[in-house]
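In what follows, a single structure is set out as structure tokens and then discussed.
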Amino acid sequence: MDERNGVPTPKGEGEHGEKDGQGGQGEHGEHGEQGELLRGGNAGESGTGADGRGETEEERADRRWQELLQEIRVAQTGVQILLGFLLTVVFTPLFHDLEQTDKTIYLVTVVLGSLATGALIGPVSVHRIVSGRRVKPQAVVWASRLTFTGILLLLATLTAALFLILRVATHDPYVPWLVSGVLVWYLLCWFALPLWVRAHDTSGT
């Protein structure tokens, strides 16, 4: 009975109304929570990259490309200065007085420097040719390989140039040993140390 109006209210109608209201709110609440969980899960999956930076594959490729450009600038500066110096040697009067062995070492050094320059400039050409083709992740991989090849060729160029200069300047038998020591230092700084850091600091991840 409705106490305010004095009109009796059927018992079943009141109970069904309350149940329907509670059931509707419960169903809507459950569906809403499920929808929010689904939306949250999808957003988390799409926004978090494999390395935990929260970036997509395209964003990761852009970041890696910018990092690669910085590395290439450092290597290019060294190899271009060295190659420019080597190219001027042949026009000096001293070059014609060199022994045939020294001239051969010089030619090998110039070729190595030219190859290193080509490998380090190659990533720029790769990016320019494939730009806008939606293949930047693959372009970054190939550019990284060219850069590493250029670093190896730069290592050979520096070693050969040092050997030639010390051989011409001193003619001493200890020159090969000195050059070997410098080569070991290059290998430690350029490869051994980075590989050790990579194995030591990423072993727990």
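The structure displayed is predicted, hence computed values, not measured ones. Below, each value reflects all heavy atoms present in this structure, side chains not excepted, and no hydrogens, waters or symmetry copies. Residue indices begin at 1 and follow the sequence shown.
- With hydrogens and angles disregarded, a donor-acceptor distance shorter than 3.5 Å links the side chain of Glu59 to the backbone of Thr56.
- The minimum heavy-atom distance linking Pro194 with Cys189 is given by the pair CD-O, 3.5 Å.
- In this structure a side-chain-to-backbone donor-acceptor pair under 3.5 Å is missing from Glu57 to Pro137.
- Once rounded to the nearest 0.5 Å, the distance linking CG of Leu152 with CG of Leu115 reads 12.0 Å.
- Considering CG of Leu178 and CG of Asp172, their distance stands at 10.0 Å, rounded to 0.5 Å.
- The two residues Val79 and Ala116 make their nearest non-hydrogen contact at CG2-CB, 3.7 Å.
- Relative orientation of the Phe148 and Phe191 rings is perpendicular, given thresholds of 30° and 60° on the angle between their planes.
- When every heavy atom of Leu164 is checked against every heavy atom of Asp102, the shortest pair comes out as CD1-O, 3.5 Å.
- Between atom OG1 of residue Thr117 and atom CG of residue Leu82 there is a gap of 8.5 Å, rounded to the nearest 0.5 Å.
- Judged purely by atom type and a 3.5 angstrom limit, Thr170 has no side-chain atom pairing as donor or acceptor with the backbone of Arg167.
- Across Leu112 and Ala160, no two heavy atoms sit closer than the pair CD1-CB, 4.4 Å.
- Distance check, rounded to the nearest 0.5 Å: CG of Asp97 to NZ of Lys103 gives 8.0 Å.
- In the hydrophobic clustering of ILVMFWY residues, with side-chain heavy atoms under 4.5 Å counting as a link, Val89 and Leu107 come out together.
- Within 6.0 Å of atom CH2 in Trp65, more than 12 heavy atoms from other residues, nucleotides or ligands are found, so the atom counts as buried in its surroundings.
- Of the charged side-chain nitrogens involved, at least one lies within less than 4.0 Å of a carboxylate oxygen, so that Arg63 and Glu55 count as a salt-bridged pair.
- Proximity of a side-chain donor or acceptor of Thr88 to a complementary backbone N or O of Phe85 within less than 3.5 Å is detected.
- A pairwise comparison of heavy atoms in Thr77 and Arg73 identifies OG1-O, 2.8 Å as the closest pair.
- When all heavy atoms of Ile72 and Leu120 are compared, the pair lying nearest together is CG2-O, 3.4 Å.
- Contact of the Leu187 side chain with the Leu155 side chain is registered, since non-hydrogen atoms from C-beta on lie closer than 4.5 Å.
- Ile105 is connected to Leu87 through a chain of hydrophobic side-chain contacts under 4.5 Å among Ile, Leu, Val, Met, Phe, Trp and Tyr, so both are in one cluster.
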Evaluate side chain to side chain contact (heavy atoms under 4.5 Å, CB included) for Arg64 paired with Lys136, printing each intermediate quantity in order. CA-CA 10 Å; Arg64 293 180 61 191; Lys136 178 167 282 188; over 6 Å; no
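- Of the possible donor and acceptor atoms, one in the side chain of Ser114 sits under 3.5 Å from a partner among the backbone N and O of Val110.
- Within the 4.5 Å cutoff, no side-chain heavy atoms of Glu58 are placed close to those of Arg134.
- Under a 3.5 Å cut-off, the side chain of Tyr106 and the backbone N or O of Leu86 do form a donor-acceptor pair.
- Hydrophobic clustering places Val182 together with Leu154 (ILVMFWY residues linked when any side-chain heavy atoms are closer than 4.5 Å, directly or through intermediates).
- A distance of 6.5 Å separates OG1 in Thr157 from CG in Leu153, rounded to the nearest 0.5 Å.
- Note on Leu162: it clusters hydrophobically with Leu158, by side-chain heavy-atom contacts below 4.5 Å among ILVMFWY residues.
- In this structure a side-chain-to-backbone donor-acceptor pair under 3.5 Å is missing from Thr159 to Leu183.
- Considering only heavy atoms from C-beta on, Leu166 comes within 4.5 Å of Val179 through its side chain.
- We find the CD-CD distance between Glu71 and Gln76 to be 12.0 Å, quoted to the nearest 0.5 Å.
- Residue Val141 is not grouped with residue Val130 when hydrophobic side chains (ILVMFWY) are merged at heavy-atom distances under 4.5 angstrom, including chains of intermediate members.
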